[in-house]
Amino acid sequence: MPHDDDGHPGAPRAVVGLAAEGRDDQGTSLRWAVAWAVQHGARLDVLVSHSADPAGSRSAAAARLLLGRVLAEAPGGSDVPVVVHLTTGAPGPALVHLASTADLLVVGGDRRPRPGRRRLLPLVTHCLSHAVCPVLVVPGASAVPSAAWTVVVGIDGSARSRSALRRARWEASDGQVRAVTVVDTRSGWPPVQSWARPGARARRDAEDLRYVPAGAGPRRTPVEHSIVAGRPADVLAGQDADLLVVGAPALRSVRWFLTSTANRCLGRRPRPVLVVPFDDRVGDARLSPGGGHAPSS
């Protein structure tokens, strides 16, 4: 059952937010957070935001009931260490602060639907623009996979895509990883930077695919690599996988993020998307013990 202490400080850690009402539509992101914690032997920190009045404090009990129900229903959920935090402040900054040393921040991706696209909620945009750890955005109708996860990661030969690739391999655990390099049909290969030219990108991607930093050292995980022509967001969002992993834009202000490929994937894909920042210090430290397994930038 959930508790309010700071136990298990050395385990991997995920953070997820709940509103005090404990609405059922928040159950999907919570189920993914619990499944992630089970898969990685992680601790789960749950932030419950509520109003400062007595009614708000009482309604926080509904969020605890939802949490207890999800933990009881999830395979292995009863073994997950859970710490509950309460806040009366703005949930976005509180979640980013709580996740500052976490391995994952999970947020619900429910947005007002429009034909073919959805608009991010302000809370999600804030977390994506400010969190230093990877952010998992979970749409409301996403079923949690019962077996090993299939993961697709977009790579482009850049340093931040290598962070996404390392993370994808860790997330897949014993599942399948597919790496996809997309050639943008509107402009072809970007001609400005040498690493972005076809030969250099292919060599860098091939080099990256030889490394699988995880646990106490590198281990081999089968990775299928394909080069596909098209618009990056359309190609990546259409991939059939439990999880899509993409690198965050180099400049993660709200203005830059809203025009990024990562944001376009979030708007088009009906399944979860994991956005990995280039400065994923927590994840890189855990994925690359001693710093000796990942290729240099």
Side-chain angles (χ1 to χ4, degrees), residues 2-23 26 29-30 32-34 36-37 40 42-53 56-57 59-60 62-64 66-67 70 80-111 120-138 160 163 167 171 247-258 260 262-263 266 272-287:
H3 52 86
D4 297 297
D5 58 50
D6 295 323
H8 304 273
R13 189 165 69 91
V15 174
V16 63
L18 289 178
E21 299 81 16
R23 301 188 309 270
Q26 299 178 91
S29 58
L30 184 57
W32 273 85
V34 170
W36 186 92
H40 294 290
R43 162 184 143 179
L44 185 62
D45 284 60
V46 180
L47 180 70
V48 178
S49 58
H50 64 96
S51 59
D53 54 44
S57 298
S59 66
R64 288 178 174 271
L66 175 61
L67 174 59
V70 169
V80 175
V82 178
V83 179
V84 177
H85 306 262
L86 302 177
T87 181
T88 58
L95 280 170
V96 169
H97 176 73
L98 185 59
S100 61
T101 57
D103 297 276
L104 185 73
L105 172 58
V106 184
V107 292
D110 283 338
R111 294 163 285 191
L120 286 171
L121 294 170
L123 170 65
V124 179
T125 302
H126 180 88
C127 291
L128 288 166
S129 302
H130 294 88
V132 297
C133 69
V135 179
L136 178 62
V137 182
V138 182
R160 65 178 180 271
S163 293
R167 185 70 186 211
E171 293 297 345
L251 299 175
R252 286 194 302 135
S253 67
V254 172
R255 180 173 66 87
W256 281 95
F257 192 88
L258 291 177
S260 68
N263 181 62
L266 290 165
V273 177
L274 179 64
V275 181
V276 181
F278 174 60
D279 56 347
D280 178 17
R281 296 184 299 272
V282 175
D284 284 349
R286 191 178 298 284
L287 303 186

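Side chains are part of it too, since the values below use all heavy atoms of this structure and drop only hydrogens, waters and symmetry mates. One is the number of the first residue; the rest follow in order along the sequence.
Of all non-hydrogen atoms in Ala131 and Leu105, the two that sit nearest each other are CB-CD2, 4.1 Å. Shortest non-hydrogen contact noted between Ala99 and Val15 is CA-CG2, 4.0 Å. Residue Cys133 comes nearest to Leu104 through the heavy atom pair SG-C, 3.9 Å, listed as atom of the first residue, atom of the second, then distance. Closest approach of Val106 and Ala33 over heavy atoms only: CG2-CB, 3.9 Å. Ala63 and Leu18 make their closest contact through O-CD1, 3.9 Å (heavy atoms, listed as atom of the first residue, atom of the second, distance). Taking both residues in full, the closest heavy atoms of Pro277 and Ala248 are given as CA-CB, 3.9 Å, listed atom of the first, atom of the second, then distance.
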- Task: Could you please spell out the steps behind the side-chain contact (heavy atoms from CB on, under 4.5 Å) verdict for Leu266 and Leu128?
- Result: CA-CA 11 Å; Leu266 290 165; Leu128 288 166; 3.5 Å; yes

- Query: Hey, mind stepping through Val96 and His126 against side-chain contact (heavy atoms from CB on, under 4.5 Å) and telling me if it holds?
  - Reply: CA-CA 8 Å; Val96 169; His126 180 88; 3.9 Å; yes

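If you take CG on Leu274 and CZ on Arg167, they are separated by 6.0 Å, rounding to the nearest 0.5 Å. A distance of 7.0 Å separates CG of Leu30 from CG of Leu44, quoted to the nearest 0.5 Å.
Remark: Trp36 engages His40, Glu171 in a side-chain hydrogen bond (donor to acceptor under 3.5 Å, both in side chains) (not counting sequence neighbours). Residues satisfying the side-chain contact (heavy atoms from CB on, under 4.5 Å) test with Leu123, not counting sequence neighbours, are Pro91, Leu95, Cys127.
Panel note: side chain Asp103, backbone Arg13; a donor-acceptor pair is recorded below 3.5 Å.
Contact of the His85 side chain with the Asp45 side chain is registered, since non-hydrogen atoms from C-beta on lie closer than 4.5 Å.
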